[in-house]
A.B. asks: 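Input: one structure, supplied below.
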Amino acid sequence: MLQQTTVTAVMPYFERFLAAFPDVTALARAPQDRVMALWAGLGYYARARNLHACAQAVAARGGVFPDTVEGLLELPGIGAYTAAAIAAIAFGRPVVPVDGNVERVTSRLFALTDPLPAARKAIAARAVTLNADAQAKARPSDFAQALFDLGAGICTPRSPACVLCPWREACAGHAQGIAATLPRRAPKPVRPVRHGVHFCLVDEAGGLLLVRRPEKGLLGGMMGLPGPHWRDDPWPEAEALSLAPAAPRLQPHWRMVGQVKHVFTHFTLLVDVYAARIAAFPNSMAAAGCVHYPGDAAVALPSLMDKCVKVARKAGIF
DNA sequence: TATCCGTGGAA
DNA sequence: TTTCCAAGGAT
């Protein structure tokens, strides 16, 4: 959960997740849709699928985790960082997990000026030597977490508190007066704008028509409102409505209720939200792969879809 | 190696 | 308001 996600954002999800799945075998035997529902809103949904697969892999080994970096790397969703973190913190292996904090501390300590992400490998090569000291090697868990805390609390991205830093006198970045500018990053490409359309169809009972998205791609495996693919060009109303969910003898009166703006990592999405009410969903919609949820149920949606539903609700559709 | 993959808080 | 970026991994 903590991969690219702040502790503050993770905390409530972690509590709910552990309450639902107290141990690795409980997670392993849970249905995937339950796992995804508890992850909804946290983002990077491949992590949820990987974690579920990881739990099943561990369960298949008798519920015993590998206790080496090499063994941990075999598990889905566990890369170099997480393998080292578990090895050091859970099993006392003398390795250094290199996360964003450690990357920043290292680039400053050695005044490494080559820009990320190309310099990532070189920075990591220096970082893994930080525990060369015998006392550091003797306490892998404490050393790893001390490094994280140094980065999170003192060697911060902006305005680092060098005056408080225990490594100030050894820091080449500080000596050169460039610590705060490190690590350098390659200029980011401009974020393009893309366009989508989603349909919010509600029945008299307050039911909502949702579809499960494909496993691959954006919001993979999550529930969402139906709609055509997202593309570079806007969707004219006539074209959008020609793609609305339909069934024999069902002609909902669609109304554009608003536009939702959502910023993903690599593009901005503008979604036109159309909404309509019908008496009841025909069986053919369920047969087509659509799902009918009660409106008052705890429907777990990714944030984008949540925004779309809220726009429809604000417009008085339900 | 570069790109894809979410979201929200802080500055 | 915009920008940055957070206990990264898979392809």
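First the proteins, then the strands, lettered A, B, ... as listed; each starts at 1. Because the structure is predicted, anything quoted here is derived from the model rather than measured.
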A.B. asks: Count the heavy atoms of every other residue, nucleotide or ligand shown that sit under 6.0 Å from CZ of A:Phe65, and state whether that count exceeds 12.
C.D. replies: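 Count not over threshold, so no.
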
A.B. asks: When the P atoms of C:dA7 and B:dC4 are compared, how many Å lie between them, rounded to an integer?
C.D. replies: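 Approximately 24 Å lies between the P atom of B:dC4 and that of C:dA7.
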
A.B. asks: For C:dT1 and B:dG8, measure between their C1' atoms and round to the nearest Å.
C.D. replies: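 These two C1' atoms come out 16 Å apart once rounded.
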
A.B. asks: How many whole angstroms separate atom NZ of A:Lys307 from atom P of B:dT7?
C.D. replies: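 Checked: the NZ to P distance equals 8 Å.
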
A.B. asks: Please report the distance separating the C1' of B:dG6 from the corresponding atom of C:dC5, rounded so that it comes out in whole Å.
C.D. replies: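 It works out to 13 Å between them.
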
A.B. asks: Between atom CG in A:Asp114 and atom C1' in B:dT1, what is the gap in whole Å?
C.D. replies: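 Rounded to whole Å, this separation is 15 Å.
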
A.B. asks: Using a heavy-atom cut-off of 4.0 Å across all strands, would you classify A:Leu42 as base, sugar-phosphate, or nothing?
C.D. replies: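 Answer is base: heavy atoms of A:Leu42 come under 4.0 Å of a base.
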
A.B. asks: Categorize A:Val263 for me: base, sugar-phosphate, or nothing, with a 4.0 angstrom heavy-atom threshold over every strand shown.
C.D. replies: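 Touches a base.
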
A.B. asks: Should the pair A:Arg213 and A:Trp230 be classed as cation-pi, given the thresholds of under 6.0 Å to the six-membered ring centre and 45° from the axis?
C.D. replies: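 Yes, a cation-pi geometry holds between A:Arg213 and A:Trp230.
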
A.B. asks: May I ask whether A:Leu51 and A:Leu72 are part of the same hydrophobic cluster, defined by side-chain heavy atoms of I, L, V, M, F, W, Y residues being less than 4.5 angstrom apart, directly or through others?
C.D. replies: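 No, A:Leu51 and A:Leu72 fall in different hydrophobic clusters.
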
A.B. asks: Taking the minimum atom-to-atom distance to the side chain of A:Arg158, which one of C:dC4, B:dC5, B:dG6 wins?
C.D. replies: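 The listed nucleotide nearest to A:Arg158's side chain is C:dC4.
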
A.B. asks: Measure the distance from CG on A:Leu269 to P on B:dC5 and round it to the nearest whole Å.
C.D. replies: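 Between P of B:dC5 and CG of A:Leu269: 12 Å.
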
A.B. asks: Nearest whole Å is fine: how far is B:dT7 C1' from A:Trp39 CH2?
C.D. replies: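 Whole-Å distance recorded here is 13 Å.
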
A.B. asks: Tell me the interatomic distance from A:Ile123, atom CD1, to B:dT1, atom P, rounded to whole angstroms.
C.D. replies: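 It works out to 13 Å between those atoms.
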
A.B. asks: Flag the pair A:His266 / A:Phe264 as yes when their ring centroid distance falls below 6.0 Å, and as no otherwise.
C.D. replies: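 Ring centres of A:Phe264 and A:His266 not closer than 6.0 Å.
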
A.B. asks: How would nucleotides 6-11 of chain C be written as a contact map, 5' to 3', with B for base contact, S for sugar-phosphate-only contact and - for no contact, using protein heavy atoms under 4.0 Å?
C.D. replies: BBBSS-

A.B. asks: Rounded to the nearest angstrom, tell me the gap between atom CD in A:Glu215 and atom P in B:dC5.
C.D. replies: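 Distance check: A:Glu215 CD to B:dC5 P gives 14 Å.
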
A.B. asks: Would you check, one step at a time, whether the test ring pair (Phe, Tyr, Trp, His ring centres under 6.0 Å) holds for A:Phe17 with A:Phe14?
C.D. replies: CA-CA 5 Å; A:Phe17 208 86; A:Phe14 180 80; 8.4 Å; no

A.B. asks: Check the phosphate of B:dG6 against A:His262, side-chain N and O only, distance under 4.0 Å to OP1 or OP2. Yes or no?
C.D. replies: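 For B:dG6, neither OP1 nor OP2 has a side-chain N or O of A:His262 closer than 4.0 Å.
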
A.B. asks: So, A:Lys137 and A:Asp133, do they make that salt bridge, N to O below 4.0 Å?
C.D. replies: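 Result for this pair is no, no salt bridge flagged.
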
A.B. asks: Select base, sugar-phosphate, or nothing to describe what A:Pro302 touches, counting heavy atoms under 4.0 Å on all strands.
C.D. replies: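 The answer is sugar-phosphate, as A:Pro302 gets under 4.0 Å only of primed atoms, P, OP1 or OP2.
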
A.B. asks: Taking any heavy-atom pair under 4.0 Å as a contact, classify A:Gly151: base, sugar-phosphate, or nothing.
C.D. replies: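 Contact class for A:Gly151: none.
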
A.B. asks: Once you round to the nearest 0.5 Å, how far does CD of A:Gln176 lie from OG1 of A:Thr113?
C.D. replies: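 That separation rounds to 8.5 Å.
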
A.B. asks: Which residue lies toward the 5' end of DNA chain B, A:Phe264 or A:Pro117, if each is placed at its nearest nucleotide?
C.D. replies: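 Between the two, 5'-proximity favours A:Pro117.
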
A.B. asks: Tell me if the aromatic rings of A:Trp254 and A:Phe199 count as close, with their centers under 6.0 Å from one another.
C.D. replies: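 That pair passes the under 6.0 Å test.
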
A.B. asks: Take the protein atom CH2 of A:Trp230 and the nucleotide atom P of B:dC5, then report the distance between them rounded to whole Å.
C.D. replies: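 Result: 9 Å.
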
A.B. asks: Taking atom C1' of B:dG8 as reference, at what distance in whole Å does atom CE of A:Met1 sit?
C.D. replies: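 Whole-Å distance recorded here is 16 Å.
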
